[in-house]
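The structure under discussion appears below in the form of structure tokens.
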Amino acid sequence: MSIPMINTLTGEMVNVASYMTEEGKRASQERKRKTAYRNKNNIPFVACYHDPIREVTQHLSLIESGAVMKLLHYLKQNGKGKLSKAGKPLLQKDLQVILCRGATQTKLIVKKLEYLSILIPIKEGRSKVFYINEDFHCMGKLLRKPFTKLLKGRLSTIIDVLPLNQLGFLYKILPYFHFEKCFLCHNPYETDFSIIRKMNRGDLAKAINHDPDELTKIVNNLTKKGLIMTTESCGSLMYYVHPDLMYRKDSDGQDDYTSGLRAMFEEHLKDE
């Protein structure tokens, strides 16, 4: 590689050889990858803001949280939070079908989500349509506060397969997803690996306000589906989430660590 420079004595343009370390090459490739990712913006995701989600999940059951997770699939890019399917806004009767619940149960779930300001009903003509509060979730213009990306591609493959309680578990763990390591922890913004406070079973059960034994059953089911992976560290379980479902870095997720983590998930799944 050479760099053009001007000879200050003669005024001539000359090429000067330069060398890049392996670390410098990797950094340059990563910058190029991030630039290409931003330019293409071809990985649609829902931004899930940590603080408001953490505040409301203590008041949501797993079923109610799973309902939110299902409805996020119906957000559109730059749609200002409006829920729609095939270009048509979702009505109360549509929510009943999507949530696979009867009219009474659906009304109770919707009422709870409205009370917590996650779901906003708006009257349009004679009908009531629904919006997701963009302080919690959005697709498009992003707020300047920490969020986890919920990747729409993988989300679309699980919303009709997983029961609401399993979807609800995935929703409740969004604020605890570490930005680089993809495991659950108390300080998901920490860059120093040595002081990251990883979540064990008791920590996680307390954080999502759920019974530890029931939590274990849900995790086992999600592990069989390749969405969660547990490893043991110092006698405690650590919980990883598949990076194709949740992600936080400003890149396409093809770095060495994330690629290695995908391979670990594949091996882990073979052992199930």
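Count residues from 1 along the sequence.
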Legend entry - Heavy-atom pair with the smallest gap, counting every atom of Ile98 and Lys70: O-NZ, 3.0 Å
Inset, instruction - Tell me, please, which residues at least two apart from His242 pass ring-ring contact (aromatic ring centres under 6.0 Å, His included). - result: Phe265
Legend entry - Residue pair Leu204 / Tyr239, side-chain heavy-atom distance below 4.5 Å: yes
Legend entry - Lys181 NZ/CZ over Tyr257 ring centroid, <6.0 Å and within 45° of normal: yes
Inset, instruction - Indicate yes or no for a side-chain donor-acceptor contact from Ser259 to the backbone of Asp256 under 3.5 Å, with no hydrogens or angles considered. - result: no
Inset, instruction - Check for a donor-acceptor pair, side chain of Gln166 on one end and backbone N or O of Pro163 on the other, with a separation under 3.5 Å. - result: no
Inset, instruction - Return yes if some donor-acceptor pair links the side-chain N/O of Ser127 with the main-chain N/O of Glu124 below 3.5 Å, else return no. - result: no
Inset, instruction - Measure from the side-chain N and O atoms of Asn165 to the backbone N and O of Leu62, and report whether any donor-acceptor pair falls under 3.5 Å. - result: no
Inset, instruction - Please examine the side chains of Thr57 and Asn209, heavy atoms only from C-beta on, and report whether any two atoms are closer than 4.5 Å. - result: no
Legend entry - side chain to side chain contact (heavy atoms under 4.5 Å, CB included) assessment of Phe179 paired with Thr191: CA-CA 9 Å; Phe179 82 99; Thr191 58; 3.7 Å; yes
Inset, instruction - Just do the side chain to side chain contact (heavy atoms under 4.5 Å, CB included) check on Ile228 and Ile218 with the steps written out, would you? - result: CA-CA 10 Å; Ile228 298 290; Ile218 291 173; over 6 Å; no
Legend entry - Single-linkage hydrophobic cluster Phe45~Leu75, side-chain heavy atoms < 4.5 angstrom: no
Inset, instruction - Examine distances only and state if a side-chain atom of Ser61 and a backbone atom of Glu64 form a donor-acceptor pair shorter than 3.5 Å. - result: yes
Going by atom type alone, with no hydrogens or angles, which donor-acceptor pairs under 3.5 Å involve a side-chain atom of residues 46-54 and a protein atom two or more places apart or on another chain?
{"unit_1": "Tyr49", "atom_1": "OH", "unit_2": "Leu143", "atom_2": "N", "d": "2.8"}
{"unit_1": "His50", "atom_1": "ND1", "unit_2": "Tyr189", "atom_2": "OH", "d": "3.2"}
{"unit_1": "His50", "atom_1": "NE2", "unit_2": "Thr148", "atom_2": "N", "d": "3.3"}
{"unit_1": "His50", "atom_1": "NE2", "unit_2": "Thr148", "atom_2": "OG1", "d": "2.8"}
{"unit_1": "Asp51", "atom_1": "OD1", "unit_2": "Arg54", "atom_2": "NH1", "d": "2.9"}
{"unit_1": "Arg54", "atom_1": "NH2", "unit_2": "Pro175", "atom_2": "O", "d": "3.4"}

Legend entry - Thr223 vs Met229, side chain to side chain contact (heavy atoms under 4.5 Å, CB included): CA-CA, chis, key distance, verdict: CA-CA 6 Å; Thr223 298; Met229 177 175 65; 5.8 Å; no
Legend entry - Shared hydrophobic cluster for Ile120 and Leu72 (ILVMFWY, side-chain gaps under 4.5 Å): no
Legend entry - N/O donor-acceptor pair under 3.5 Å between Lys149 side chain and Lys249 backbone: yes
Inset, instruction - May I ask you to decide if Glu190's main-chain N or O and His178's side chain share a donor-acceptor pair within less than 3.5 Å? - result: yes
Inset, instruction - Please lay out, stage by stage, how Asn221 and Leu162 fare under the test side chain to side chain contact (heavy atoms under 4.5 Å, CB included). - result: CA-CA 9 Å; Asn221 284 319; Leu162 300 184; over 6 Å; no
Legend entry - Distance-only donor-acceptor check, side chains Thr258 and Asp255, under 3.5 Å: yes
Inset, instruction - Give a yes or no on whether the backbone of Lys123 and the side-chain of Lys128 come within a donor-acceptor separation of less than 3.5 Å. - result: no
Legend entry - Sequence neighbours excluded, every pair satisfying ring pair (Phe, Tyr, Trp, His ring centres under 6.0 Å) that has a member inside residues 157-177: His137-Tyr171
Inset, instruction - Would you kindly check if the NZ (Lys) or CZ (Arg) of Lys145 is within the cone defined by 45 degrees around the ring axis of Phe136 and under 6.0 Å from the six-membered ring centre? - result: no
Legend entry - Ile132 side chain reached by Leu119 side chain, heavy atoms, under 4.5 Å: yes
Legend entry - Option among Gln92, Gln96, Arg101 that satisfies the side chain to side chain contact (heavy atoms under 4.5 Å, CB included) test with Val110: Gln92
Legend entry - Side-chain donor/acceptor of Glu180 to backbone N/O of Pro188, under 3.5 Å: no
Inset, instruction - Give the ring-plane orientation class for Tyr240 versus Phe183, where under 30° counts as parallel, over 60° as perpendicular and anything between as tilted. - result: perpendicular
Inset, instruction - Answer yes if Met246 and Leu269 sit in the same cluster of Ile, Leu, Val, Met, Phe, Trp and Tyr residues linked by side chain heavy atoms under 4.5 Å apart, and no otherwise. - result: no
Inset, instruction - Spell out, yes or no, whether Leu261 and Leu237 are grouped together once hydrophobic residues are joined by side-chain heavy atoms under 4.5 Å, including indirect joins. - result: no
Inset, instruction - Would you kindly confirm whether Leu116 and Ile63 end up in one hydrophobic cluster when ILVMFWY residues are joined by side chain heavy atoms under 4.5 Å apart? - result: yes
